[in-house]
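Quantities reported herein were computed from a predicted structural model and do not represent experimental measurements.
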Amino acid sequence: MSNNNNNNNVKTATPPVTIDITSNISYEHLSNITDTDQLGPALKGVFESGKEKEYVSQLQGFIKKKQSEIEEICSSNYQEFINSVDELLAVRADTTGLRESVVRFNRDMQGCASSLLSQATILAEKKERKAKSKRRDFCFT
């Protein structure tokens with residue numbers, strides 16, 4: 001029975017991470033060694049093999065590739081942003097032009113209405129004078 005307890009309590013060590021520095025580094029490979037439990041053994045394997053320079057070189061290549069991908073994404077987003085700003089500026093210019101047109105139209109309409117109101121007032125006064133004149137003529141006959 002004690003044998004069974006000893007077998008259940010035995011911890012199995014996780015095998016050390018082996019790094020093949022002759023192949024390209026992939027995202028999955030890097031994410032595997034970023035686990036702090038595996039980082040030490042991974043780096044130890046690199047240093048024990050004496051191939052630090054090759055591994056650093058591969059890491060630098062990986063970094064450049066990822067930086068290039070980031071720049072490409074940012075460039076695409078930047079261009080979309082610039083296009084949106086240009087479009088907003090065009091809408092702003094159109095809005096300003098439309099506002100100026102409305103102000104001109106309003107001024108013209110007020111001018112026409114003012115003239116029309118003057119003429120209507122003169123016409124009303126003439127009609128009133130004519131009506132008074134007819135009443136006066138009617139009274140004298």
Side-chain angles (χ1 to χ4, degrees), residues 2-141:
S2 64
N3 239 357
N4 247 354
N5 283 343
N6 285 343
N7 287 342
N8 288 341
N9 291 335
V10 173
K11 292 184 179 178
T12 58
T14 56
V17 176
T18 57
I19 299 174
D20 178 15
I21 64 170
T22 59
S23 65
N24 286 335
I25 301 169
S26 66
Y27 177 76
E28 293 80 20
H29 176 76
L30 287 177
S31 65
N32 286 339
I33 65 168
T34 56
D35 182 18
T36 54
D37 293 339
Q38 297 178 354
L39 184 59
L43 291 175
K44 183 179 177 186
V46 169
F47 284 105
E48 284 179 351
S49 67
K51 298 188 176 183
E52 309 86 30
K53 289 181 182 178
E54 291 92 340
Y55 194 70
V56 167
S57 174
Q58 287 183 3
L59 279 175
Q60 288 172 340
F62 180 79
I63 290 168
K64 284 181 183 178
K65 179 181 175 190
K66 289 299 173 184
Q67 283 177 331
S68 173
E69 289 174 12
I70 290 169
E71 287 173 4
E72 184 178 322
I73 290 169
C74 289
S75 175
S76 171
N77 290 337
Y78 176 77
Q79 191 56 48
E80 288 176 18
F81 174 75
I82 294 299
N83 291 343
S84 295
V85 169
D86 288 345
E87 190 173 324
L88 284 173
L89 290 174
V91 168
R92 182 180 180 188
D94 291 346
T95 303
T96 301
L98 181 60
R99 185 174 359 134
E100 290 170 357
S101 294
V102 167
V103 167
R104 261 192 320 273
F105 179 74
N106 185 35
R107 188 178 52 239
D108 292 346
M109 289 299 291
Q110 286 179 355
C112 289
S114 176
S115 174
L116 186 61
L117 184 59
S118 287
Q119 291 175 3
T121 304
I122 292 171
L123 182 62
E125 289 171 357
K126 285 183 179 182
K127 279 187 176 183
E128 189 177 329
R129 276 190 244 142
K130 186 175 182 180
K132 281 183 184 180
S133 173
K134 278 187 180 182
R135 274 185 269 148
R136 203 174 359 133
D137 287 343
F138 181 71
C139 289
F140 289 120
T141 53

Query raised in the report: OG of Ser84 to CG of Leu89: how many Å apart, nearest 0.5 Å?
Result: 11.0 Å
Query raised in the report: Rounded to the nearest 0.5 Å, how far does CD1 of Ile82 lie from CG of Asn77?
Result: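 Rounded to the nearest 0.5 Å, the CG-CD1 separation comes out at 12.0 Å.
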Query raised in the report: Does some side-chain heavy atom of Lys130 sit less than 4.5 Å from a side-chain heavy atom of Lys126?
Result: no
Query raised in the report: Any side-chain heavy atom of Thr95 sitting closer than 4.5 Å to one from Val91?
Result: yes
**Report entry** Neighbour count above 12 (heavy atom, 6.0 Å) for Glu87 CD
**Finding:**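 It does not: Glu87 CD has 12 such atoms or fewer within range.
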Counting only N and O atoms by type, is there a donor-acceptor contact under 3.5 Å from the side chain of [X] to the main-chain atoms of [Y]?
X	Y	result
Ser115	Gly111	no
Ser75	Glu71	no
Ser68	Lys64	no
Ser57	Lys53	no
Ser114	Gln110	no

Report task. Determine whether the side chains of Asn83 and Gln79 contain a donor N or O and an acceptor N or O closer than 3.5 Å. Result -> yes
